[in-house]
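Input: a single structure, listed below in structure tokens.
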Amino acid sequence: MRSLQQLRVEHELVARSADTDALTGVPNRRAYDRELVRRAGGAAGVEHTAVLVVDLDRFKALNDGQGHAAGDRALTAIAAALAAETRAGDVLARIGGDEFCVLLDAVDDRAAAEVAERMVRRVRALGLTVTASIGVASGPAGALSDTLAGADHAMYAAKAAGGDRIHWAAAAAV
């Protein structure tokens, strides 16, 4: 029979696997949604959160033109580039095919915009045909759904302006 310790280790590995995007190694939508609920309920001890919604520009063209293996390599490289701009305690998650979200705590609006700008530059520096459009919003942890909606609208405004840029929710049509 397996020891209790061995079963705990195996359980932890399975639980971590269920919350991790297998391709990119970052948290997946399930883990992200759970983190939103935890933060909105005050369990994280967070009062103010910035949300970045990242959508990749021209990803479908890359996938269709160069194949899914090239798309997978691009997603992996982009996830690493985005992760390089996050701190311990920040949450970067892949929430859809070519969409990521980032939760930043204890940052003011200027710092959140600077993180987003660095992410856009890092993705651009990969030299892919794919770039990033990032919507940024911030607000109280208790209103995370509103902040997320603002960041999502701002991301669409960044795409409408040509992509490869950030857009702040305050200037977006929310």
Problem set entry | Donor-acceptor under 3.5 Å (Arg94 side chain, Gly97 main chain) |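 Looks like yes, one N/O pair under 3.5 Å.
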Joint hydrophobic cluster, [X] plus [Y], side-chain heavy atoms closer than 4.5 Å:
{"X": "Leu144", "Y": "Val107", "answer": "no"}
{"X": "Leu82", "Y": "Phe59", "answer": "yes"}
{"X": "Leu103", "Y": "Val37", "answer": "no"}

So which atom in [X] and which in [Y] form the shortest heavy-atom distance, rounded to 0.1 Å?
{"X": "Ala74", "Y": "Leu128", "answer": "CB-CD1, 3.9 Å"}
{"X": "Val53", "Y": "Leu148", "answer": "CG2-CD1, 3.9 Å"}
{"X": "Leu92", "Y": "Pro27", "answer": "O-CD, 2.9 Å"}
{"X": "Ala81", "Y": "Leu126", "answer": "CB-CD1, 4.2 Å"}
{"X": "Ala132", "Y": "Val54", "answer": "CB-CG1, 4.1 Å"}
{"X": "Ala93", "Y": "Asn28", "answer": "CB-O, 4.0 Å"}

Does the side chain of [Y] come within less than 4.5 Å of [X]'s, by heavy atoms?
{"X": "Glu114", "Y": "Arg110", "answer": "yes"}
{"X": "Leu104", "Y": "Val115", "answer": "yes"}
{"X": "Ile78", "Y": "Asp98", "answer": "no"}

Seminar exercise, completed: Residue pairs meeting side-chain hydrogen bond (donor to acceptor under 3.5 Å, both in side chains), one or both in residues 78-89, sequence neighbours left out, come to Glu85-Arg118, Glu85-Arg122, Arg87-Asp90
Nearest-0.5 Å distance, [atom1] of residue [X] to [atom2] of residue [Y]:
{"X": "Gln66", "Y": "Thr129", "atom1": "CD", "atom2": "OG1", "value": "5.5 Å"}
{"X": "Arg165", "Y": "Glu117", "atom1": "CZ", "atom2": "CD", "value": "10.0 Å"}
{"X": "Leu52", "Y": "Thr147", "atom1": "CG", "atom2": "OG1", "value": "12.0 Å"}
{"X": "Asp152", "Y": "Ser145", "atom1": "CG", "atom2": "OG", "value": "12.5 Å"}

Problem set entry | Step-by-step side chain to side chain contact (heavy atoms under 4.5 Å, CB included) determination, Leu75 to Leu56 | CA-CA 9 Å; Leu75 285 170; Leu56 303 182; 3.7 Å; yes
Exercise. Going through the distances and angles, do Val120 and Thr131 end up as a side chain to side chain contact (heavy atoms under 4.5 Å, CB included)?
Worked result: CA-CA 7 Å; Val120 166; Thr131 57; over 6 Å; no
For this session: Inspect the surroundings of CD in Glu47 and state if more than 12 heavy atoms from other residues, nucleotides or ligands are less than 6.0 Å away.
Result: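 It does not: Glu47 CD has 12 such atoms or fewer within range.
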For this session: May I have the step-by-step check of side chain to side chain contact (heavy atoms under 4.5 Å, CB included) for Val102 and Val51, ending in yes or no?
Result: CA-CA 6 Å; Val102 183; Val51 178; over 6 Å; no
Show me the side-chain donor-acceptor pairs of residues 133-143 shorter than 3.5 Å, one per line, residues at least two apart or across chains.
from   : atom 1 : to     : atom 2 : distance (Å)
Ser133 : OG     : Asp57  : OD1    : 2.7
Ser133 : OG     : Asp57  : OD2    : 3.1
Ser138 : OG     : His48  : NE2    : 3.4
Ser138 : OG     : Asp109 : OD1    : 2.5

Seminar exercise, completed: Checking Val26, Asp19, Ile95, Asp21 against Tyr32 for side chain to side chain contact (heavy atoms under 4.5 Å, CB included), the one that qualifies is Ile95
Exercise. Who are the salt bridge (charged side-chain N to carboxylate O under 4.0 Å, His left out) partners of Arg58, not counting sequence neighbours?
Worked result: none
